[in-house]
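Structure, as structure tokens:
This chain uses plain numbering: 1 for the first residue, then up along the sequence. Just so you know, these numbers come straight off a predicted model, no measurement behind them.
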Amino acid sequence: MLPLEFLTNEVLVPLKGLIAHELAERGYSQSRIGLLLGISQPAVSAYLKSPKAHYEERLLRILDRRELSRLIRSLTALVEYASAEEFLRYINNFSLGLLSSLRLCPLHRTAYPELLGCDICKDIQVYTETAKSVETAFEILKRCENCYKLVPKVLMNIVELGPEGGVGFPGRIHVEGTQLAAKGKPKPGASRFLTSLLEEVNKLRPEIKAVANIAYLARTCVGEKFAAAEVGPSNSEEEIISNIASAFRSSVYDVIYDKGGEGIEPNAYVFGADAVDVATKLLEIAKCIK
């Protein structure tokens, strides 16, 4: 079985089934789900006949539960808040990334013993434009009804690490009326502080490649949804970075609240695997705000 065939059978098929269930639970019709997934309405119906747990169990042979949860959250957010193109781009890059990382090799060799020394998928080149990821995250947030309330006095930014370093919005993200707004497109070097913070956290937790800063709010509700911690007081940007990095030495967090200090506004920092992952967490946090 070719690697791409194996990827389709072991990842894309159960992923479609799981996404079909997620969208059906959100009230999407089978016809609409079919259009989004590029399959027929009868195919959607066939996916829904198998229980959701069936698809989860298949995917958990490859992904850990946290990674699977993150993936489904990001994909459903892209369906609701972004274009079909961005939805497909995300699935495509994720799937090819699984192949190129060689994470599928042990399972592939079990089904195909002749592949004992095979590593051909390492030659796959996955094109991921960091600026495009950050822009997609922002498009998701612009469609969020309550997200403008997350912006602190010092304004907000979303930064993702890429080959070119930290990529974010120059001039940060601000509020116009009840809408998030930004001047210009994401570019490298747009947030020295968030890039430095992210680089320190990434050294400890390589799976974390994106962060956003938000207002210090809804801590109790956020703690019920995500792994959260509090640090501080922090009297400088250097202290914020040091305090947050120290927290990540003992565990992995989605959100860390920093108390601030003398001349430093309290903020919360939301971390994720990429900018879209961070955006989906911000959508959940916005639901905590009355």
Side-chain angles (χ1 to χ4, degrees), residues 7-8 11-13 15-41 43-44 47 67-98 125-148 150-151 156-160 162 164 167-170 173-187 190 209-210 212 270 272-287:
L7 172 71
T8 298
V11 178
L12 294 180
V13 168
L15 188 57
K16 282 185 176 182
L18 192 50
I19 294 170
H21 272 279
E22 289 286 336
L23 295 179
E25 290 173 3
R26 292 170 183 246
Y28 283 73
S29 69
Q30 291 187 14
S31 297
R32 178 61 176 158
I33 294 170
L35 287 172
L36 291 167
L37 296 181
I39 57 179
S40 66
Q41 182 274 322
V44 174
Y47 274 121
E67 184 178 17
L68 179 58
S69 176
R70 188 265 304 171
L71 176 62
I72 297 302
R73 188 178 62 243
S74 293
L75 290 174
T76 51
L78 286 165
V79 166
E80 293 191 293
Y81 297 98
S83 66
E85 178 185 348
E86 294 307 326
F87 173 75
L88 293 177
R89 186 197 305 273
Y90 201 87
I91 289 182
N92 197 56
N93 284 343
F94 174 81
S95 301
L96 292 177
L98 273 181
Q125 299 294 317
V126 183
Y127 176 71
T128 54
E129 185 182 352
T130 312
K132 183 63 177 175
S133 176
V134 176
E135 190 170 5
T136 299
F138 182 60
E139 288 302 314
I140 290 172
L141 295 177
K142 282 170 65 177
R143 292 169 171 80
C144 167
E145 185 175 328
N146 249 5
C147 283
Y148 75 97
L150 299 177
V151 178
M156 184 172 82
N157 215 330
I158 306 172
V159 172
E160 181 176 327
E164 62 274 73
V167 176
F169 284 95
I173 296 167
H174 60 282
V175 178
E176 293 181 357
T178 59
Q179 291 287 315
L180 296 182
K183 295 180 180 178
K185 300 285 188 179
K187 68 177 186 179
K209 295 183 179 178
V270 183
D274 53 37
V276 172
D277 184 28
V278 169
T280 64
K281 292 176 182 178
L282 296 184
L283 293 178
E284 290 300 312
I285 293 172
K287 294 176 184 177

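By the 4.5 Å heavy-atom criterion applied to side chains, Y47 and L37 are not counted as neighbours. L150 places none of its side-chain heavy atoms less than 4.5 Å from the side chain of V270. You'll find the side chain of I72 reaches within 4.5 Å of the side chain of L15, heavy atoms only.
One finds the CG atom of D277 at 9.5 Å from the CG atom of L71 (value rounded to the nearest 0.5 Å). The line from CG of L12 to CD1 of I19 is 9.0 Å long, rounded to the nearest 0.5 Å. With rounding to the nearest 0.5 angstrom, the CZ atom of R26 is 4.0 Å from the OG1 atom of T76. The CG atom of L141 sits 12.0 Å away from the CG atom of N146 when rounded to the nearest 0.5 Å. One distance of note links CZ of F169 with CE of M156; it measures 9.0 Å at 0.5 Å rounding. In this structure, OG on S74 lies 7.5 Å from CD1 on I140, to the nearest 0.5 angstrom.
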Stepwise side chain to side chain contact (heavy atoms under 4.5 Å, CB included) check, D274 with T130 | CA-CA 9 Å; D274 53 37; T130 312; over 6 Å; no
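A salt bridge (Lys or Arg N to Asp or Glu O under 4.0 Å) check over residues 29-40, counting only residues at least two apart or in different chains, returns nothing.
Under the side chain to side chain contact (heavy atoms under 4.5 Å, CB included) criterion, E139 pairs with K142, R143, not counting sequence neighbours. Residues passing the side-chain hydrogen bond (donor to acceptor under 3.5 Å, both in side chains) test with K287, sequence neighbours excluded: E284. S69 pairs by the side chain to side chain contact (heavy atoms under 4.5 Å, CB included) definition with R73, not counting sequence neighbours. Contacts of K132 classified as salt bridge (charged side-chain N to carboxylate O under 4.0 Å, His left out), with partners at least two apart in sequence or in another chain: E86. Under the salt bridge (charged side-chain N to carboxylate O under 4.0 Å, His left out) criterion, E164 pairs with no residue at all, not counting sequence neighbours. Applying the ring pair (Phe, Tyr, Trp, His ring centres under 6.0 Å) criterion to Y90, with sequence neighbours excluded, gives no partner residue. Listed by chain and number, the residues in a side-chain hydrogen bond (donor to acceptor under 3.5 Å, both in side chains) with K281 are D254 (sequence neighbours excluded). For A275, the side chain to side chain contact (heavy atoms under 4.5 Å, CB included) partners are S133, V134, A137, I158, E160, not counting sequence neighbours. The side chain to side chain contact (heavy atoms under 4.5 Å, CB included) search around L88 returns none, not counting sequence neighbours.
Closest non-hydrogen pair, Y148 versus V175, comes out as O-CG2, 3.6 Å. Shortest non-hydrogen contact noted between P170 and A190 is N-CB, 3.5 Å. Taking each heavy atom of A77 and T280 in turn, the nearest pair found is CB-CG2, 3.4 Å.
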Only distances under 3.5 Å count here; give the side-chain donor-acceptor pairs of residues 176-186 to other protein atoms, sequence neighbours excluded, each with its distance to 0.1 Å.
unit_1	atom_1	unit_2	atom_2	d
E176	OE2	H174	NE2	3.1
K185	NZ	E135	OE2	2.6

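Checked by atom type and distance alone, the side chain of S95 never pairs as donor or acceptor with a backbone atom of N92 at under 3.5 Å.
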